[in-house]
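In what follows, chains are A, B, ... by sequence order, proteins preceding strands, each numbered from 1.
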Number of protein chains: 2
Amino acid sequence: MSTDLTRSAILTAAEQLYAERSFGEVSLRDIVAAAGVNLAAVNYHFGSKDELLAELFLSRATALNRERFAELKAAEAAGGGRTEPRAILRALAGPPIRWCLGADRQRSAAARFMTRASVETVPPIRKIVERDISHLRRFADALRRALPERDEVDIYWGLHFALAMIRQTITDSNRLRKLSGDLCDLDDVDAIIERIVSVAGFALSAQHAPTGQPATVSTRR
Amino acid sequence: MSTDLTRSAILTAAEQLYAERSFGEVSLRDIVAAAGVNLAAVNYHFGSKDELLAELFLSRATALNRERFAELKAAEAAGGGRTEPRAILRALAGPPIRWCLGADRQRSAAARFMTRASVETVPPIRKIVERDISHLRRFADALRRALPERDEVDIYWGLHFALAMIRQTITDSNRLRKLSGDLCDLDDVDAIIERIVSVAGFALSAQHAPTGQPATVSTRR
DNA sequence: GATAGTTTCATACAATAGTTTGAAATGCAA
DNA sequence: TTGCATTTCAAACTATTGTATGAAACTATC
């Protein structure tokens with residue numbers, strides 16, 4: 001046992017392929033070919049294709065959350081009793097954006113895979129995602145503490161929108177680049193993070209229109 | 001020919017199934033079973049599975065864009081020479097959110113399918129999506145005209161973030177509901193739209209911090 | 001009502017999927 | 001070395017996939 005080279009070769013190959021193509025498009029034979037191992041190795045080491053996917057997802061999710069929490073704790077420590085909301089948002093957005101748009105290719109695959117997993121709900125992953133929202137709860141709690149006077153509803157919506165912008169920026173950066181005619185600089189990772197943090201910060205702390213007045217287009221004028 | 005009941009039965013059944021499950025998880029046999037038609041009917045009427053998917057996507061995308069453009073034109077007409085940016089954003093966000101979170105079940109499936117299609121990039125759809133960003137360009141142009149003094153980059157990012165929030169709200173409304181302990185009211189469609197419009201409006205028109213200097217929310221004047 | 005054209009149907013086909021198998025190869029302790 | 005457990009391998013297996021086929025059922029025109 002020990003290093004289990006085959007195991008990790010399969011994991012990284014699967015991650016690489018899943019980062020590019022859809023789950024349904026990647027077969028076990030594709031994975032083992034990329035990993036340079038035998039077909040039966042997957043079932044030997046992981047039991048089944050679904051279990052491979054589950055373990056891969058769990059491993060990467062843990063790594064991502066670890067990094068997020070580290071930044072969150074650092075921000076809370078730096079802020080003393082009163083943590084800045086934007087620092088919390090930065091801990092949420094920073095790691096995945098850096099992983100994905102940054103220079104590090106290895107992590108890019110990880111982030112892309114994670115994003116696909118969060119979107120393309122396939123049974124083995126769905127179970128894990130649905131069950132585990134504890135990491136989000138932790139960020140929600142931190143934001144509540146940082147903004148005690150704000151309505152809880154705004155906190156949750158702000159968090160929701162922050163996740164939205166992170167995800168979209170990772171998955172659809174190409175469309176943005178194309179649409180803007182290369183005007184939007186997707187290499188300046190820090191600027192992107194700050195932009196997301198800025199908008200999410202507004203979502204958290206601004207007064208939003210109540211139910212009554214806005215009205216739909218059809219009833220408008 | 002005439003009504004072609006079988007054809008549309010297949011289309012709506014496929015839409016329904018694709019709205020719930022991933023593309024890879026839905027087989028032709030699932031579709032024809034749900035539609036109550038023979039297996040061979042798909043190939044007879046559409047040629048292949050991919051062509052069915054492409055036609056379905058094109059049809060729904062056209063319907064969604066038609067509705068968006070109608071609202072956009074109405075907003076531009078109402079605004080005279082100077083269209084309100086928020087009205088433009090409302091034309092972008094209103095239709096899909098109403099389709100998906102509103103009472104109409106039929107359209108809910110359409111919107112959910114569209115969202116999956118925009119995320120889960122499968123070859124037959126990918127080709128269409130990559131080729132056609134003209135509808136987005138139309139919204140970008142409208143926003144540029146409405147905000148001539150603003151930096152184009154902010155326009156594109158604002159549009160990008162608006163799409164992000166729309167998508168996330170459609171796909172992950174359940175998680176938001178759960179995370180907030182039912183505090184976030186996902187039945188109040190108009191309030192949701194206004195919230196998205198509000199935040200996207202900020203993204204469009206606010207000054208965002210450059211790379212080096214992360215600014216706080218309060219620096220906005 | 002016969003006929004030509006369209007649509008539906010049960011069924012078969014070839015390809016690919018994930019999984020299993022049992023033998024060969026390998027690593028390691030005695 | 002021998003012996004035993006682990007790991008790898010080529011091959012086969014079963015199920016499911018999208019697609020193709022040809023006969024049957026239907027529709028409408030003459």
Specify the separation, in whole Å, of atom [atom1] of [X] and atom [atom2] of [N].
| X | N | atom1 | atom2 | answer |
| --- | --- | --- | --- | --- |
| B:Ile31 | D:dT19 | CD1 | P | 11 Å |
| A:Arg29 | D:dA11 | CZ | P | 13 Å |
| A:Asp50 | C:dG18 | CG | P | 10 Å |
| B:Glu51 | D:dT19 | CD | C1' | 12 Å |
| B:Phe46 | D:dA20 | CZ | P | 16 Å |
| A:Leu52 | C:dT19 | CG | C1' | 14 Å |
| B:Leu28 | C:dA15 | CG | P | 18 Å |
| B:Tyr44 | D:dA23 | OH | C1' | 15 Å |

Heavy-atom pair with the smallest gap, counting every atom of [X] and [Y]:
| X | Y | value |
| --- | --- | --- |
| B:Ala19 | B:Arg112 | CB-CB, 3.7 Å |
| A:Leu72 | A:Ala91 | N-CB, 3.5 Å |
| B:Arg116 | B:Tyr18 | NE-O, 2.6 Å |

Quiz item: Base, sugar-phosphate, or nothing for B:Ala41, non-hydrogen atoms under 4.0 angstrom?
Solution: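 Here B:Ala41 touches no strand at all.
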Contact under 4.0 Å: [X] side-chain N or O vs [N] OP1/OP2:
| X | N | answer |
| --- | --- | --- |
| A:Asn38 | D:dT7 | no |
| B:Thr6 | C:dT8 | yes |
| A:Ser27 | C:dA17 | yes |
| B:His45 | C:dT6 | no |

Of the nucleotides [options], which has the atom closest to the [X] side chain?
| X | options | value |
| --- | --- | --- |
| A:Ala40 | D:dA12, D:dG18, C:dT21 | C:dT21 |
| B:Leu39 | D:dT8, C:dT11, C:dT20 | C:dT11 |
| A:Asp4 | D:dT7, C:dT19, C:dT8 | D:dT7 |

Self-check item: Note: A:Arg167-B:Asp172 ion pair, threshold 4.0 Å (strictly below)
Solution: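 Between B:Asp172 and A:Arg167 there is a salt bridge, with a charged N closer than 4.0 Å to a carboxylate O.
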Quiz item: Taking atom NZ of B:Lys73 as the centre, does the number of heavy atoms from other residues, nucleotides or ligands within less than 6.0 Å exceed 12?
Solution: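 No - once you tally the heavy atoms of other residues, nucleotides and ligands closer than 6.0 Å, there are 12 at most.
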